[in-house]
Engineer: 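First the structure, which I've put down as structure tokens, then a few questions once you've had a look.
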Amino acid sequence: MLWTRWLVLLLCWGATGSEQQADERGAVPAEVRSDSRRERSPPPVEPLDFGFVPAAVYDTHAYYEPGSMGILFHMVHAFLYIIQPNPFPKDVIVKVIQQNMGGIKIEEWRKPENVVLLLQWIQYESGFLICATFGVVFVVLIPVIAMCFCMCRCCDNCGGEMHQRQRKNADCHRGFYTASLVATTIFIIVGVLIALAANHNISSQVKSTRRLINTNMRDLKTFANNTPAQVDYLTAQYTTAKNKVLSDLDNIGPLLGGRIHIQLEKSVIPSLDTALRMAGAKVESAIKAMRETKEALENVSSSLEVLQDGVGKLQASLSGERASLSNTLSDPACTNGAVSHTCNTIRSTLSQLGINADFSKIPDVNHALANVNTVLKTDLSNIVQKGYASFNDTPRLVKEQTKNIVAALPRVKGMLDKIGAEITGFSKMFPVEASLANFTIFLNERHKAIESYYPQIDQMDFYRWIACVAVLCMVVLVMAFNILGLLCGNCGYDKQASPTTRGCLSNTGGNLLMAGVGFSFIFAWVLMVIVTTLFVVGGNVEKLICESLANRQLFKIIDTPFLVHPEKRNFLPGMLFQNPNIDLTLGGMYRECYDNNGLYHALQLETMFNINSFLNRTVYNRDLAKVFDSVQVDLQGITLLEQAGRDNLINFANSGIGQIDFQVYLTEVNKGVTLIDLLSFCSDLEGQADQLPRGALENALRGHASSIRFIHREQVVPLEQAMSTLHQSVKQLQKTSNDLPVKVTNVLSAIDAAEYLIAHNASHVVKQETKAYVQGLVGYFKQYTEWVKNSLTTEVAQCKPISNIVDSMEIVGCSFIIDSLNTFWFGLGSCCILLIPSIIFSVKLAKYYRRMDTEDVFEE
């Protein structure tokens with residue numbers, strides 16, 4: 001752990017980034033919506049692109065795939081699980097460590113709690129203890145059995161008597177023993193091959209160990225060399241936030257005005273749309289009514305002029321026609337008794353040829369028409385467009401009201417440059433480059449020192465390989481005797497030969513089998529000693545260290561609070577920082593480094609080097625806050641209708657057309673143009689003329705009827721049309737005379753409501769967006785500090801090499817060495833166990849191959 005402590009001391013300066021607290025992230029208050037006063041979250045700040053921190057590329061791939069050896073490794077692991085199925089005794093180990101940190105004392109083990117721990121440990125190790133006991137019994141009994149076997153054979157017992165009894169099933173026995181010995185030999189050879197493969201795997205993986213060491217050292221150098229550039233990149237990116245702030249201040253008109261405009265479209269414009277639509281509808285309705293009124297008034301005025309002029313002309317025409325008709329009736333022919341009655345009848349109707357309606361006394365509507373024309377000169381139709389134009393012109397208005405901010409840009413730039421210089425100066429306070437250069441020199445020296453041991457490691461591995469081969473040669477020697485004995489015995493065996501006359505080759509096979517038995521007794525106990533020792537050591541290392549390291553249970557033991565000392569909570573921070581109260585664990589550090597996070601976060605250096613106060617004091621100081629707080633924008637003073645137009649509407653609403661006497665118009669219109677229908681008068685006149693005898697008088701009367709029809713057609717009909725138009729216009733005016741002032745009043749109310757909405761509700765939005773704009777400027781600095789924090793957590797000084805070292809140690813220690821070692825004793829142990837049936841079958845089978853001194857003789 002020496003290099004780790006050195007590395008930590010060198011990289012503690014990496015706290016140039018601040019960890020923003022949760023209350024800072026949530027410090028922006030919610031704004032009040034302009035139309036409903038409901039809280040809403042501020043708009044998101046535009047994200048800044050700080051680029052990518054220069055990443056370190058590490059070469060170590062801490063992963064091992066055993067290939068075909070994996071089958072053997074899994075087989076050994078399965079065997080160990082059968083022997084030791086108990087879970088990892090974390091609690092027992094922790095208690096043992098805590099009770100014996102002051103030194104192991106024999107008398108302490110007599111305490112009840114220690115006796116319980118001992119019994120728990122024995123229970124956990126029960127499988128290994130049983131197997132180890134079996135191995136010890138094997139080691140003790142094999143020499144004893146060998147001695148007894150030799151003495152027994154010397155006394156012509158245990159197969160030592162050179163006499164073979166004749167049995168009918170002798171061939172069956174010989175075949176069974178031969179097959180059993182062959183099978184046993186094959187299994188022993190398989191065990192030898194397993195052990196030999198494990199032995200060779202250890203030697204071949206020694207070279208891979210060098211590769212892992214070289215790549216891990218290279219990664220540590222990359223880690224040390226790349227960290228200064230990463231920190232320099234962090235400090236340099238302050239310029240990104242600074243330039244963005246200056247740019248936003250320089251373009252405050254379009255930016256803030258655009259934000260206000262967009263937000264108004266979201267919150268105020270819907271309400272304003274409603275208000276303006278209402279105002280627009282009312283304005284359109286009022287304008288339509290005014291135009292209709294104007295048209296009606298114009299019709300009344302024109303119709304009245306036509307009627308006044310036409311009635312005068314009609315009066316003259318009728319008077320002339322009446323005088324002419326009267327002269328005709330004064331003709332002497334009318335004095336005739338039969339005709340005089342008709343003439344008198346006609347003369348009595350002459351008074352009906354006159355004007356009935358008198359339009360000369362009806363007042364004109366010029367005053368009312370002038371009022372309407374005055375109101376219509378007010379541009380009411382542009383009120384809605386003017387309302388929207390006032391919002392579309394927001395950027396220009398903001399620009400005009402923030403000239404002081406733009407003028408203060410040089411001073412703001414000076415403040416930001418000073419802040420950047422303070423940040424850079426703070427990072428230069430630590431001699432990081434020199435320290436990391438020394439660390440690189442230290443790594444080079446350690447690497448050279450490790451490489452200097454390579455020849456010794458190779459030599460030791462060669463000796464180990466020779467020793468393992470020598471051990472396997474003991475088994476191979478026994479197998480050689482068994483195989484040669486089987487070959488010689490089977491090839492030289494003659495069924496026709498008696499036991500005393502067996503051939504030399506058959507006898508040699510029997511002797512070779514007995515030689516294998518002798519060497520089996522000599523080597524079996526030695527091999528079992530090796531197997532038992534390797535089994536106890538390798539098996540426990542696999543179960544207690546390798547498995548616990550693979551499932552990270554070992555880290556949990558080391559990270560147990562108060563493990564080392566009752567007053568020191570955590571082991572790792574106490575060793576690295578002399579502060580055991582820091583919540584830093586070895587398992588947590590390994591996980592962070594395994595995920596390739598930064599060393600600053602993995603070692604929780606923020607607990608010792610938190611720069612929050614520095615950044616809060618430096619990045620956003622009071623002077624800068626005053627500049628930002630001076631941003632003020634107001635939309636007061638926007639009017640949709642000028643005062644002159646408002647006065648015209650008010651005057652019209654007060655006077656208007658309500659003073660017109662519509663009944664006078666209707667009374668005269670309802671009278672009709674003439675006192676009698678001229679067409680009926682003409683028809684009656686022609687009927688009277690028909691009663692007269694034919695002559696000048698009849699023709700004169702018919703001429704007068706035609707003249708009167710002409711007058712009716714040319715003068716009365718147009719006057720009747722004008723009277724109809726006048727009647728309709730008067731009716732329309734009478735209908736709208738009461739509603740029009742109300743509509744004008746509604747227009748004024750709708751305009752007042754829209755202006756109120758702009759003056760009050762929109763102003764809330766403006767204040768809200770102005771505050772959000774200022775918070776956005778502050779947010780750029782928060783983005784920078786947050787980015788620095790995240791970069792320190794995940795990108796700067798990525799400590800993957802540390803977890804790679806742990807994983808490489810696991811690969812070398814467990815996968816390369818322990819797995820191969822366990823596979824070696826597994827194969828060798830199977831050979832030792834199988835030597836027992838090999839001895840039995842060899843002794844039994846040798847009896848059928850060796851030449852006997854005596855044999856059974858049967859006399860007939």
Engineer: Give the minimum heavy-atom separation between S820 and A198, together with the two atoms involved.
Structural biologist: O-CB, 3.2 Å
Engineer: Hydrogens and angles aside, do N804 and H61 bring a side-chain donor and acceptor to less than 3.5 Å of each other?
Structural biologist: no
Engineer: Just by distance, with hydrogens left out, do Y463 and Q459 show a side-chain donor and acceptor under 3.5 Å apart?
Structural biologist: yes
Engineer: Grab the two heavy atoms, one from R174 and one from L845, that are nearest each other, plus how far apart they are.
Structural biologist: O-CD1, 3.6 Å
Engineer: What distance separates F841 CZ from L834 CG, expressed to the nearest 0.5 Å?
Structural biologist: 10.0 Å
Engineer: Measuring only between side-chain heavy atoms, which start at C-beta, is I557 closer than 4.5 Å to F88?
Structural biologist: yes
Engineer: Is a donor on one side and an acceptor on the other found under 3.5 Å between the side chain of N540 and the backbone of V536?
Structural biologist: yes
Engineer: Mind checking the CD1-CG spacing from I483 to L181? Nearest 0.5 Å is all I need.
Structural biologist: 9.5 Å
Engineer: Keeping the roles fixed (side chain from S815, backbone from V812), state whether a donor-acceptor pair exists under 3.5 Å.
Structural biologist: no
Engineer: How long is the span from the CG atom in N482 to the OG atom in S520, to the nearest 0.5 Å?
Structural biologist: 6.5 Å
Engineer: Could you check whether any side-chain heavy atom of R218 comes within less than 4.5 Å of a side-chain heavy atom of Y58, counting everything from C-beta outward?
Structural biologist: no
Engineer: Given V471, which partner from the list V526, V531, I530, I466 fulfils the side-chain contact (heavy atoms from CB on, under 4.5 Å) test?
Structural biologist: I530
Engineer: Report yes if the side chains of M217 and I450 come closer than 4.5 Å at any heavy-atom pair, otherwise no.
Structural biologist: yes
Engineer: When rounded to the nearest 0.5 angstrom, what is the spacing between CG in L603 and CD1 in I802?
Structural biologist: 6.5 Å
Engineer: A side-chain contact here means heavy atoms from C-beta on lying under 4.5 Å apart; do K556 and Q553 qualify?
Structural biologist: yes
Engineer: Can you name the closest pair of heavy atoms from N216 and S808 and give their distance?
Structural biologist: ND2-OG, 3.0 Å
Engineer: Please indicate whether M75 has more than 12 foreign heavy atoms, meaning atoms of other residues, nucleotides or ligands, lying under 6.0 Å from its CE.
Structural biologist: yes
Engineer: Quick one: are M528 and I142 in side-chain contact, heavy atoms under 4.5 Å?
Structural biologist: no
Engineer: Start with the C-alpha distance between N199 and R464, add both sets of side-chain angles, then the distance that settles side chain to side chain donor-acceptor pair (under 3.5 Å), and finish with yes or no.
Structural biologist: CA-CA 9 Å; N199 183 42; R464 180 207 55 77; 2.4 Å; yes
Engineer: Locate the shortest heavy-atom distance separating S203 from W465; write the atom from each residue and the value.
Structural biologist: OG-CD1, 3.5 Å
Engineer: Under 3.5 Å, is there a donor-acceptor pair between the Y590 and D807 side chains?
Structural biologist: yes
Engineer: Using the six-membered ring wherever Trp is involved, compare the ring planes of W825 and F535 and label them parallel, tilted or perpendicular (cut-offs 30° and 60°).
Structural biologist: perpendicular
Engineer: Please indicate whether Y81 has more than 12 foreign heavy atoms, meaning atoms of other residues, nucleotides or ligands, lying under 6.0 Å from its OH.
Structural biologist: no
Engineer: Are any of the side-chain heavy atoms of E542 and H77 separated by less than 4.5 Å?
Structural biologist: yes
Engineer: Quick one, F134 with I833, criterion side chain to side chain contact (heavy atoms under 4.5 Å, CB included). Give me CA distance, side-chain angles, the key distance, then yes/no.
Structural biologist: CA-CA 11 Å; F134 173 80; I833 299 299; 3.4 Å; yes
Engineer: How many angstroms lie between atom CG of N214 and atom OG1 of T209, to the nearest 0.5 angstrom?
Structural biologist: 10.5 Å
Engineer: Should I145 and F521 be marked as a side chain to side chain contact (heavy atoms under 4.5 Å, CB included) after you check the CA-CA gap, both sets of side-chain angles, and the distance that decides it?
Structural biologist: CA-CA 8 Å; I145 292 174; F521 279 120; 4.0 Å; yes
Engineer: Between atom CZ of F523 and atom SG of C473, what is the distance when rounded to the nearest 0.5 Å?
Structural biologist: 10.0 Å
Engineer: Might you confirm whether atom CD of Q123 has over 12 heavy atoms from other residues, nucleotides or ligands at distances under 6.0 Å?
Structural biologist: no
Engineer: Does NZ belonging to K221 count more than 12 external heavy atoms closer than 6.0 Å?
Structural biologist: yes
Engineer: May I have the step-by-step check of side chain to side chain contact (heavy atoms under 4.5 Å, CB included) for F223 and L599, ending in yes or no?
Structural biologist: CA-CA 10 Å; F223 172 84; L599 190 65; 4.0 Å; yes
Engineer: Counting neighbours of NE2 on H447 that are heavy atoms of other residues, nucleotides or ligands and sit closer than 6.0 Å, is the number greater than 12?
Structural biologist: yes
Engineer: Does atom OH of Y594 have more than 12 heavy-atom neighbours from other groups under 6.0 Å away?
Structural biologist: no
Engineer: Does some side-chain heavy atom of L513 sit less than 4.5 Å from a side-chain heavy atom of Y177?
Structural biologist: no
Engineer: Does any pair with a residue in residues 56-91 pass disulfide (SG to SG under 2.5 Å), and if so which ones, sequence neighbours excluded?
Structural biologist: none
Engineer: More than 12 foreign heavy atoms under 6.0 Å from CD1 of I122: is that the case here?
Structural biologist: yes
Engineer: Tell me whether K90 is salt-bridged to E547, with the criterion being a basic N under 4.0 Å from an acidic carboxylate O.
Structural biologist: no
Engineer: Give a yes or no on whether the backbone of I839 and the side-chain of S842 come within a donor-acceptor separation of less than 3.5 Å.
Structural biologist: no
Engineer: Evaluate the criterion side chain to side chain contact (heavy atoms under 4.5 Å, CB included) for residue pair T823 and N201; output intermediate values, then yes/no.
Structural biologist: CA-CA 10 Å; T823 304; N201 188 66; over 6 Å; no
Engineer: Could you check whether any side-chain heavy atom of F149 comes within less than 4.5 Å of a side-chain heavy atom of V843, counting everything from C-beta outward?
Structural biologist: yes
Engineer: How close do C832 and L527 get, heavy atom to heavy atom, and via which atoms?
Structural biologist: SG-CB, 3.2 Å
Engineer: Which atom names give the shortest non-hydrogen contact between L212 and T215, and what distance separates them?
Structural biologist: O-OG1, 3.0 Å
